[in-house]
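Notes follow once the structure below has been shown.
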Amino acid sequence: MIGFEFRTSDQIHFGRGSISKLDTILPTDVTRVLVVSGRHNADNNPAIAALSARNIDIHHLVLSGEPDADTIDTQASIVRQKQIEWVIAIGGGSVLDAGKAIAMLVTNAGKTLDYIEVVGKGKKISKPALPLVAIPTTAGTGSEVTKNAVIIIRDKKAKASLRSPLMIPNAAIIDAELMASLPPSPTAHTGMDALTHAMEAYLSSKSNLLIDSLCENAIRMGFAALPHVYADGGDMDAREEMAYVSLIGGIALANAGLGAVHGFAASLGGMFDVPHGIICACFLPVVFEANYAALLNMDKKHPVLRKYSRIAELLGYGEDGIEQVFTRLYDLRGEFEIPGMRKFGVEKTMAGEIADLTAATSSIRGNPVGLSRKELIEILIKCV
């Protein structure tokens with residue numbers, strides 16, 4: 001048995017109505033709080049409502065779109081000046097990542113680019129971030145339990161992560177009732193992101209026995225629940241199951257890494273205005289199939305191939321039903337009306353440049369097999 005290290009949030013509160021736990025999580029002596037949210041809950045914010053009886057000075061930051069380095073730098077400066085004590089981030093993955101990034105930068109001197117990996121200086125984060133409660137309103141990123149925050153660096157046309165165990169939220173509240181109003185398309189996009197996390201972490205070269213056991217249940221549950229909640233957003237059982245898949249996906253990626261799907265998501269997300277979940281949904285079946293072919297070509301007894309068979313078993317196809325898994329993934333892509341990358345301005349002539357950028361991302365380091373430049377180009381072309 002291979003040894004491993006495991007980290008996640010100090011507290012995880014899961015279940016319908018668990019937003020009510022926010023009041024008990026915040027210490028009684030807290031007087032100044034930053035609430036980060038998106039536009040959809042700017043005026044009717046459940047976190048603010050949950051604290052309405054407390055004598056707390058709330059600074060409410062409403063984000064539009066994905067966070068960039070300049071926004072994080074500016075907001076961290078404001079939070080320092082206001083002497084904020086706790087941060088509450090409530091929203092989708094971008095909102096949670098912004099909250100985590102601001103909380104980190106407040107306590108660590110410098111700017112975002114000093115700490116960001118790949119395209120920044122990659123300086124080590126040395127001081128704990130401000131205490132933070134992460135409350136997702138989508139079942140997708142799992143950012144409520146991860147140690148990284150994905151940030152856009154606009155002048156470099158790139159997306160990269162701030163990453164440190166010191167950034168893991170102190171508490172996570174996962175309440176499926178906060179996700180009930182999400183329309184079908186973003187439900188599918190974020191859900192495919194969650195499913196990709198579970199599958200990539202499971203197949204990752206950095207996975208371990210604990211992560212495997214968590215991911216197997218999440219993969220089975222995600223394949224079953226996502227079509228239901230896409231068809232009927234009011235199906236709260238399916239909503240809650242996808243909230244769980246997202247949570248496990250976040251725990252898994254934080255401890256086992258990801259793979260080539262998220263490598264492409266990092267490169268394309270920085271170059272083009274394309275939602276992260278759409279990239280994952282588009283690339284997952286193609287990368288999943290390409291990895292399998294590369295593993296077979298390398299070693300027909302490779303241990304990861306047994307995991308492919310296990311996924312087929314989990315989905316009821318039997319250990320020899322791997323082709324059926326491929327088919328199901330492509331079917332989901334069609335069922336959810338996931339467009340190709342051409343819709344967002346990606347052309348086949350860009351494949352070489354995008355392949356090179358993808359190969360340099362941190363996510364691809366966990367891919368179960370090293371994909372050649374040619375293989376990366378072929379994957380990209382199939383997804384255009």
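The first residue of the sequence shown is numbered 1, and numbering continues consecutively from there. For the numbers below, each heavy atom of this structure counts, side chains included, while hydrogens, waters and symmetry mates do not.
Taking the six-membered ring for Trp, F272 and F344 have ring centres at least 6.0 Å apart.
Side-chain atoms of E200 come within 3.5 Å of backbone atoms of V261 as a donor-acceptor pair (strictly under, hydrogens ignored). A donor-acceptor contact shorter than 3.5 Å links the side chain of E85 to the backbone of R32. T71 contributes no side-chain N or O that, together with a main-chain N or O of P67, makes up a donor-acceptor pair within less than 3.5 Å.
Placement of L203 and I211 within a single hydrophobic cluster is found when ILVMFWY residues are connected by side-chain heavy-atom separations under 4.5 Å, directly or transitively. By the rule that hydrophobic residues join a cluster once side-chain heavy atoms approach within less than 4.5 Å of another member, L258 and I311 end up as members of separate clusters. Both I135 and I58 are members of a single hydrophobic cluster when ILVMFWY side chains are connected at heavy-atom separations under 4.5 Å. I48 and I25 fall within the same hydrophobic cluster, where Ile, Leu, Val, Met, Phe, Trp and Tyr residues are linked whenever their side-chain heavy atoms come under 4.5 Å apart, directly or through other members. Using a 4.5 Å cut-off between side-chain heavy atoms of Ile, Leu, Val, Met, Phe, Trp and Tyr, with links allowed through other members, V87 and V30 fall into different hydrophobic clusters.
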For the pair Y308 and F288, evaluate ring pair (Phe, Tyr, Trp, His ring centres under 6.0 Å) and give the outcome as yes or no after the intermediate values. CA-CA 9 Å; Y308 271 82; F288 189 67; 4.5 Å; yes
Run the salt bridge (Lys or Arg N to Asp or Glu O under 4.0 Å) check on K123 and D114 step by step: do they pass? CA-CA 6 Å; K123 183 179 175 182; D114 293 329; 5.8 Å; no
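Counting heavy atoms of neighbouring residues, nucleotides and ligands inside a 6.0 Å radius, atom CD of E347 exceeds 12 of them. Residue R80 places its CZ atom among more than 12 non-hydrogen atoms of other residues, nucleotides or ligands, all under 6.0 Å distant.
R220 places a side-chain heavy atom less than 4.5 Å from the side chain of N217. The shortest side-chain heavy-atom distance between K374 and E378 falls under the 4.5 Å cut-off. Here the side chains of E240 and F14 are in contact, with some heavy-atom distance below 4.5 Å. In this structure, the side chains of K348 and R342 come closer than 4.5 Å at one or more pairs of heavy atoms.
H276 and H197 have tilted rings, their planes meeting at an angle from 30° to 60° on a 0 to 90° scale.
Annotation: cation-pi pair K124/Y115 absent, no NZ/CZ under 6.0 Å from the ring centroid and within 45° of its normal.
Salt-bridge check for D23 with R54: passed, with a basic side-chain N closer than 4.0 Å to an acidic carboxylate O.
Across all non-hydrogen atoms, the minimal contact from V304 to P368 is CG1-CB, 4.0 Å.
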